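Worksheet for the structure shown next.
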Amino acid sequence: MNNNIAAPLKEIPDGLVCIADYAHFAKQHISHDIYEYIAGGGADELTLQRNRRALDEIQLLPQMLKDCTQGSTATTFMGESLRHPILLAPVAFHKLVHPLGEIATAQAASALETTMVVSTLASQKMEDIAAQLDSAKWFQLYFQQSRAFTLTLLKRAEAAGYTKLMVTVDASLHGIRNRAQRAGFKLPPDVKAVNLEDRPELPRKVLSAEQSIVFQGMMTEAPTWEDIAWLLQNSTLPIILKGLLHPQDVVKAQRMGIAGVVVSNHGGRTLDSIPSAIELLPRIRKAVGAEYPLILDGAIERGTDIYKAIALGANTVMVGRPQLYALAVAGALGVAHMLRILREELEVTMAMMGTPEIKDINTQSLYSDE
Ligand code: FNR
C-alpha cells in the first residue's frame with residue numbers, strides 16, 4: 001500500500017454515522033488514483049449518477065398504528081436463510097485498500113451473518129476466503145479464455161464450499177473508464193488476481209489492420225448464451241446471472257434454467273447512458289412472475305434504498321463500493337459497522353412504515369400520485 005495514506009483505524013471515528021460518510025472518510029485511507037478507480041463510473045458517469053437519482057426519486061408512504069413488536073429483517077432466499085436481505089456484491093481486489101483484503105471482509109461478513117459473493121478477481125485465494133466465512137459464500141465467475149480453465153475455477157469453488165455461482169455477463173469489456181484513466185490508475189504490483197495465477201497462456205491473437213480490437217479481439221473471448229447453456233450442464237451449483245437489464249434477457253435466463261438474476265448495471269461502470277436497475281425492476285418482476293429470485297444492486301446506501309428495492313420486486317440487494325470504503329477506513333470492523341448500519345436503518349424503515357416483516361413490503365408501501 002501507498003505509505004502516504006493513513007492506516008486503517010482500530011475504532012470507528014466519531015461522526016461516521018452513515019454509509020455515505022464512509023466514502024468521505026475513505027479518502028484519507030486510499031490514494032487518489034485508487035479512490036477514483038473505485039468511485040468512478042463509465043464515460044460521463046450518467047448512469048452512475050442516475051443510479052443514485054432514481055432511488056432518491058422514489059417515495060415511501062407509511063401506515064401507522066401497526067403492531068411491529070415481532071418484526072425481523074430475516075428472510076429466506078434461494079433455499080438459504082438470510083439474517084437480512086443485504087449481500088456483499090462481488091468486488092475485485094480488496095487488497096487495494098487493506099493489507100488483509102478479502103480475508104478481513106469475510107471476517108466482517110461472518111460477524112454480521114451476511115452472504116459474501118467472492119469475485120473471480122479477488123486478491124486472496126478463494127479457498128482462504130472460504131475458510132474465514134461462517135456465513136453463506138457464493139462465488140462470482142468471469143468466463144475465462146478457455147473453457148477448461150473456467151471449469152477449473154468452478155470445481156475449485158465447489159470444493160471450497162461455495163453454494164452458488166454468480167456469473168457476471170455485463171463486463172466482457174471494461175467500459176470507458178475516463179475517471180480512472182485521468183487519475184492514472186494502475187494495479188499496484190503487490191495486488192493480483194491470485195485465483196487466476198494458474199491460467200494457461202494462450203497464444204495471442206494477431207489482428208490484421210482491417211480487424212477491430214473490440215470485435216475480432218476482445219469480443220471473441222466474451223461468453224454467449226451458448227456458453228451459459230454449457231455452464232448449466234457442467235455446474236452442480238445453482239447459477240445466477242449478474243448484469244441483466246433487458247426484461248427479455250431475464251425471461252430467457254429463467255426459461256433456460258438459470259436459478260436467479262442480478263438486475264444490475266455494474267454500479268454504472270460499464271456502458272454509460274443506460275437506466276438504473278431500480279427503474280427496470282418492476283418490468284422485470286412482472287415478466288418473470290412473483291417467485292423468481294431477483295437481486296438488485298447499484299447505489300444502495302440507506303435502509304430506505306433496500307426497502308424501495310424490495311417494494312419494487314427485489315428479494316435482496318447487494319452493496320458494492322461501500323465495502324471497500326469501510327475496509328479502507330477500519331478493516332473488518334469497518335465492514336461490520338457498515339453492514340450493521342444498513343441493517344439497523346432497514347429495521348427503522350420497516351418499523352416506521354408499519355411493515356414488520358420482509359414479506360409485508362410491496363408497492364402498496366410506495367407513494368404514487370397517479
Ligand atoms: C465491481 N463490480 C464487480 N462485479 C463483478 O461481478 N465482479 C467484479 O470483480 C467486480 N469488481 C468491482 C470492482 C469495483 C471497484 C466496483 C466498484 C464494482 C460491480 C459490483 O459487483 C456491483 O455490481 C456494483 O458495485 C454495485 O454498485 P454500488 O453498490 O457500488 O453502487
Side-chain angles (χ1 to χ4, degrees), residues 19-20 22-23 26 30 33-42 45 47-56 86-98 101-102 105 115-124 126 129 138-144 153 157 164-175 177 179-180 183 185 187 191-196 223 239-245 261-271 274 276-278 295-302 305-306 309 314 316-328 335 338-339 342:
I19 304 308
Y22 266 111
I30 312 178
D33 60 323
I34 293 178
Y35 183 86
E36 294 290 277
Y37 160 72
I38 296 168
E45 303 190 334
T47 296
L48 178 66
Q49 290 160 22
R50 195 173 175 115
N51 284 355
R52 185 64 251 151
R53 214 171 48 235
L55 279 163
D56 288 342
I86 308 163
L87 276 47
L88 292 174
V91 165
F93 306 123
H94 291 205
K95 276 174 115 180
L96 277 175
V97 300
H98 192 281
E102 289 81 0
T105 314
T115 302
M116 177 172 174
V117 191
V118 173
S119 169
T120 293
L121 301 177
S123 48
Q124 295 276 15
M126 67 165 104
I129 305 168
W138 299 1
F139 184 69
Q140 177 266 324
L141 180 76
Y142 277 128
F143 265 85
Q144 301 297 306
L153 288 175
K164 306 252 188 304
L165 195 67
M166 183 179 284
V167 182
T168 302
V169 294
D170 63 352
S172 299
L173 298 177
H174 251 319
R177 299 262 181 88
R179 186 154 153 201
F185 172 77
L187 206 56
V191 180
K192 297 193 182 84
V194 292
N195 293 292
L196 302 182
I239 297 177
I240 299 167
L241 290 189
K242 173 172 184 278
L244 301 185
L245 285 174
V261 161
V262 186
V263 184
S264 169
N265 60 29
H266 214 99
R269 294 168 73 79
T270 51
L271 181 61
I274 58 179
S276 63
I278 195 84
I295 303 171
L296 174 129
D297 74 12
I300 297 291
E301 292 176 349
R302 284 283 185 192
D305 295 335
I306 303 168
T316 172
V317 301
M318 300 200 297
V319 280
R321 292 176 180 85
Q323 294 177 58
L324 293 186
Y325 298 144
L327 194 59
V335 179
M338 182 275 289
L339 287 166
L342 278 179

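Because the structure is a prediction, the values reported are computed rather than measured. Throughout, numbering of the chain's residues begins at 1 and tracks the sequence. These values consider heavy atoms only, across backbone and side chains, with no hydrogens, waters or symmetry-generated copies. Counting starts at 1 for both ligands and their atoms, following the listed order.
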Option of least heavy-atom distance to atom 15 (C) of ligand 1 (set: Arg269, His266, Glu301): Arg269

Where ligand 1 meets Ala89 - atom numbers and elements under 4.0 angstrom, heavy-atom basis: 21 (O)

Non-hydrogen atoms of Gly267 and Asn51 that approach each other most closely: C-ND2, 3.8 Å

Passing option when Leu342 is tested against Asp305, Val319, Val317 for side chain to side chain contact (heavy atoms under 4.5 Å, CB included): Val319

Closest non-hydrogen atom pair between Met318 and Ile295, with its separation: CG-CG2, 3.5 Å

Thr168: numbered ligand 1 atoms lying under 4.0 Å from its heavy atoms: 5 (C), 6 (O)

Atom 4 (N) of ligand 1 [closest protein heavy-atom partner, distance rounded to 0.1 Å]: Lys242 NZ, 3.0 Å

Interfacing atoms of ligand 1 (cut-off 4.0 Å, heavy-atom, Ser264): 23 (O)

Atom 9 (O) of ligand 1: nearest protein contact (heavy atom, Å): Ser119 OG, 2.7 Å

Backbone N/O of Lys242 and side chain of Thr168: donor-acceptor pair under 3.5 Å: no

Under 4.0 Å to a heavy atom of Val91 - the qualifying atoms of ligand 1, by number: 10 (C), 11 (N), 12 (C), 13 (C), 14 (C)

Rounded distance (nearest 0.5 Å) linking atom OG of Ser264 with atom CG of Leu244: 9.5 Å

Selection from Gly267, Pro90, Gly320 by shortest heavy-atom distance to atom 2 (N) of ligand 1: Pro90

Closest candidate by heavy atom, reference atom 31 (O) of ligand 1, pool Ala92, Ala299, Gly40: Ala299

Side-chain donor/acceptor of Arg179 to backbone N/O of Gly41, under 3.5 Å: no

Protein heavy atom at shortest distance from atom 22 (C) of ligand 1: Asp297 OD2, 3.1 Å

Ile38 neighbourhood, listing ligand 1 atoms whose heavy-atom distance to it stays under 4.0 Å: 17 (C)

Distance (rounded to the nearest 0.5 Å) between Arg321 CZ and Ile19 CD1: 14.5 Å

Donor-acceptor contact present, side-chain Arg177 to main-chain Arg269, <3.5 Å: yes

Element-labelled atoms of ligand 1 that are located less than 4.0 Å from some non-hydrogen atom of Arg321: 17 (C), 27 (O), 28 (P), 29 (O), 30 (O), 31 (O)

Tyr22 to Ala326 - nearest heavy-atom pair and separation: CD2-CA, 3.5 Å

Numbering as shown, the atoms of ligand 1 that approach Gly298 to under 4.0 Å (heavy-atom distance): 26 (C), 27 (O), 31 (O)

Sub-4.0 Å heavy-atom approach of Tyr142 to ligand 1: yes

